[in-house]
There are 2 protein chains.
Amino acid sequence: MVISSSQSSAAEQQTCPHNNAISCGNCRLGTICLPLALEGEDIVKLDEIVQRGRPIQKGDHLYRESDAFTSVYAVRSGAIKAYRLTGDGQEQVTGFYFPGEIIGMDGISKDQYACSAKALETSAVCEIPFHRLEELSAQVPTMQRHFFQLMSQEITMDQQLITMLSKNSAEERVAALLISISARNARRKLSKTSFRLPMSRTDIGNFLGLTVETVSRVISRFNKQGLITVESKEITLLDLDGLKEIANVKMDF
Amino acid sequence: MVISSSQSSAAEQQTCPHNNAISCGNCRLGTICLPLALEGEDIVKLDEIVQRGRPIQKGDHLYRESDAFTSVYAVRSGAIKAYRLTGDGQEQVTGFYFPGEIIGMDGISKDQYACSAKALETSAVCEIPFHRLEELSAQVPTMQRHFFQLMSQEITMDQQLITMLSKNSAEERVAALLISISARNARRKLSKTSFRLPMSRTDIGNFLGLTVETVSRVISRFNKQGLITVESKEITLLDLDGLKEIANVKMDF
DNA sequence: CGAGCCTTTGAGGGAGTTCAAGCTGGGTGG
DNA sequence: CCACCCAGCTTGAACTCCCTCAAAGGCTCG
């Protein structure tokens with residue numbers, strides 16, 4: 001079985017993302033999930049506390065809402081969605097996480113996860129036990145700083161999403177998501193314009209505060225307007241600038 | 001001029017919230033903004049880095065979006081709103097901050113504030129220079145843990161807001177905000193059922209992703225239904241359980 | 001005490017939802 | 001290997017909740 005999604009098969013395969021023997025020092029995602037300034041000795045320290053698990057399958061949970069909080073996770077390959085359940089049992093998707101990104105920081109405040117995390121496709125993650133990370137942060141100022149920054153970044157991204165949900169039209173939201181995924185692909189040296197959406201239309205709608213039908217309609221419209229081409233989950237952005245114009249936001253997420 | 005709002009005049013006045021001579025050790029907000037477990041010597045250390053400024057007036061900015069990030073702030077009295085500007089210059093309110101709560105953590109990731117912070121009424125804040133806080137966190141594990149928790153809490157609260165904006169009706173949102181303010185009042189040993197809203201209807205609407213008109217209509221409706229009584233900004237919650245039923249969410253913010 | 005802003009209330013309209021029905025494609029078992 | 005199945009996706013039509021526009025009342029502060 002082919003483990004990687006089409007998007008990770010290109011560049012990430014060079015140093016196999018599912019290879020547990022890989023270390024933080026030679027991981028090609030290093031500069032995304034690690035502090036840039038972290039140096040030799042300190043990388044080794046980090047390396048010692050990171051646990052590299054076996055791949056998790058599509059649909060598997062990394063952890064569930066209200067599980068005891070133990071670790072944060074760095075996505076190594078694949079894609080993870082985070083979601084919480086509302087009072088009446090509906091799902092609310094709070095984020096999609098791609099390789100190099102850190103998930104699970106919401107669990108710190110209450111010592112239990114505030115979201116569930118589920119694999120959208122076969123994925124690999126690095127588990128970072130939080131108490132070890134705390135110790136390391138106290139020893140290595142760069143590490144502490146970096147982790148504060150990661151959490152702050154999560155706050156900023158959530159606030160951008162809040163703004164979008166509060167102010168933007170369906171077209172603006174969908175365009176913004178496409179651009180976001182494009183930008184995150186670029187950061188990982190993958191195609192800016194052509195990729196596979198690992199999540200369902202339902203998940204997209206859920207994340208963007210729209211119904212499936214609306215998402216589908218907007219995507220169809222973008223297709224007809226020549227902004228993108230769609231073949232089920234495969235997306236090509238034909239007019240990135242046009243999409244940015246529609247999205248009408250400075251997005252980082 | 002009366003400096004405190006009506007809600008803070010009751011209990012907080014006992015140890016005057018504008019009194020700069022007060023220290024973290026005897027601040028009556030201590031258990032909210034401080035780690036519960038912080039002990040004698042460590043409180044002194046924290047105390048040394050906290051700068052207590054003079055009151056800021058209604059409408060004054062604590063900091064502005066894209067100002068260089070230097071400090072986080074603990075609200076001592078009054079109320080602060082955080083907001084960001086959208087691409088086309090509209091305001092998006094991202095949060096309201098009451099005494100005992102910490103604001104400014106969004107600035108860490110980029111070394112500049114991601115929001116502006118503006119006083120909704122005459123307020124006092126404690127300024128906590130971030131580089132000093134980092135040093136202290138590295139020395140005092142409890143402090144580091146507490147600050148991680150504060151940031152994580154901010155993430156959790158943002159995610160609750162995301163869920164609300166994405167799923168809930170106007171009535172649910174307004175009810176949820178009223179309950180949130182009520183709960184935060186209770187934490188400060190103030191009235192759960194009777195308080196003054198420091199923010200305008202416009203701010204409420206902006207925060208909740210609604211127009212002023214809708215907010216006004218919902219509040220009028222709650223009034224007619226006997227759930228609350230309203231006298232301009234003075235609110236009394238007559239049926240807290242009824243409101244909770246309507247809000248239909250487990251809120252922390 | 002008047003100007004300007006905030007709030008309330010009403011009437012009409014529109015973007016997105018809801019409901020319903022057909023389509024598509026990947027997996028399964030006969 | 002093909003027929004079937006079922007989940008996910010698309011498209012259409014009607015409805016609804018909230019927004020927009022408009023106007024009048026009420027506070028607050030100079």
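All chains are named by letter (A, B, ...) in the order of the sequence lines, taking the proteins before the strands, and each is independently numbered beginning at 1.
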DNA chain D nearest-nucleotide lookup for Lys58(B) and Thr211(B): closer to the 5′ end is Thr211(B)
Just to verify, what does Ser116(B) make a side-chain hydrogen bond (donor to acceptor under 3.5 Å, both in side chains) with, not counting sequence neighbours? none
Send over the distance from Leu197(B) CG to dC27(D) P, rounded to a whole Å. 16 Å
For DNA chain D, please output the secondary structure as dot-bracket, reading 5' to 3'. Pairs are Watson-Crick or G-U wobble, both atom distances under 3.5 Å; mark crossing pairs with [ ], other-strand partners with |, unpaired with a dot. ||||||||||||||||||||||||||||||
Roughly, in whole Å, what's the span from CG in Asn168(A) to C1' in dA15(C)? 14 Å
Find the distance Lys167(B):NZ to dT17(C):P and express it as a whole number of Å. 11 Å
Short side-chain N/O contact from Lys233(A) to OP1 or OP2 of dG8(D), under 4.0 Å: no
Find the distance Glu234(B):CD to dG26(D):C1' and express it as a whole number of Å. 16 Å
For Tyr73(B), all residues meeting ring pair (Phe, Tyr, Trp, His ring centres under 6.0 Å), sequence neighbours excluded: Tyr63(B)
Tell me, please, which residues at least two apart from Glu101(A) pass salt bridge (charged side-chain N to carboxylate O under 4.0 Å, His left out). Arg184(A)
CD of Gln57(B) versus P of dG30(D): gap in Å, rounded? 11 Å
To the nearest 0.5 Å, atom NZ of Lys233(A) lies from atom CD of Glu231(A) at 14.0 Å
Using only side-chain N and O atoms of Ser200(A), determine if any of them is under 4.0 Å from OP1 or OP2 of dG8(D). no
Looking at DNA chain D, which of residues 215-225 of chain B put a heavy atom within less than 4.0 Å of it? Arg217(B)
Which residues pass the ring pair (Phe, Tyr, Trp, His ring centres under 6.0 Å) test with Phe222(A), sequence neighbours left out? none
Note: Glu121(A)-Lys58(A) ion pair, threshold 4.0 Å (strictly below): no
Under the side-chain hydrogen bond (donor to acceptor under 3.5 Å, both in side chains) rule, collect the residues that match up with Asp88(A), sequence neighbours excluded. Thr86(A), Gln90(A)
Value in whole Å for how far the P atom of dC6(C) lies from CZ of Arg196(B): 14 Å
Looking at Thr236(A) and Thr229(A), would you say the former's side chain and the latter's main chain have a donor-acceptor pair under 3.5 Å? no
Partners passing salt bridge (charged side-chain N to carboxylate O under 4.0 Å, His left out) against Glu91(B) (at least two apart in sequence or in another chain): Lys81(B)
Atom-to-atom span, CD of Glu231(A) to P of dT10(D) - whole angstrom: 12 Å
Just jot down the side chain to side chain contact (heavy atoms under 4.5 Å, CB included) partners of Thr214(A), sequence neighbours excluded, or say none. Ala170(A), Leu210(A), Thr211(A), Val218(A)
When the distance from CG of Leu165(B) to C1' of dC17(D) is rounded to whole Å, what number comes out? 16 Å
Would you mind classifying the nucleic acid contact of Thr214(A) as base, sugar-phosphate or nothing, using non-hydrogen atoms under 4.0 angstrom? base
For Asp158(B), side-chain hydrogen bond (donor to acceptor under 3.5 Å, both in side chains) partners two or more places apart: none
Those residues at least two apart in sequence (or on a different chain) that pass salt bridge (charged side-chain N to carboxylate O under 4.0 Å, His left out) with Arg221(A) are Glu171(A)
Short heteroatom pairs, N/O only, protein and nucleotides 23-28 of chain C, under 3.5 Å:
none

For a quick check, tell me whether the side chain of Glu213(B) and the base of dC21(D) share a donor-acceptor pair closer than 3.5 Å. yes
Assign Gly205(A) to base, sugar-phosphate, or nothing according to its heavy-atom contacts below 4.0 angstrom with the strands shown. nothing
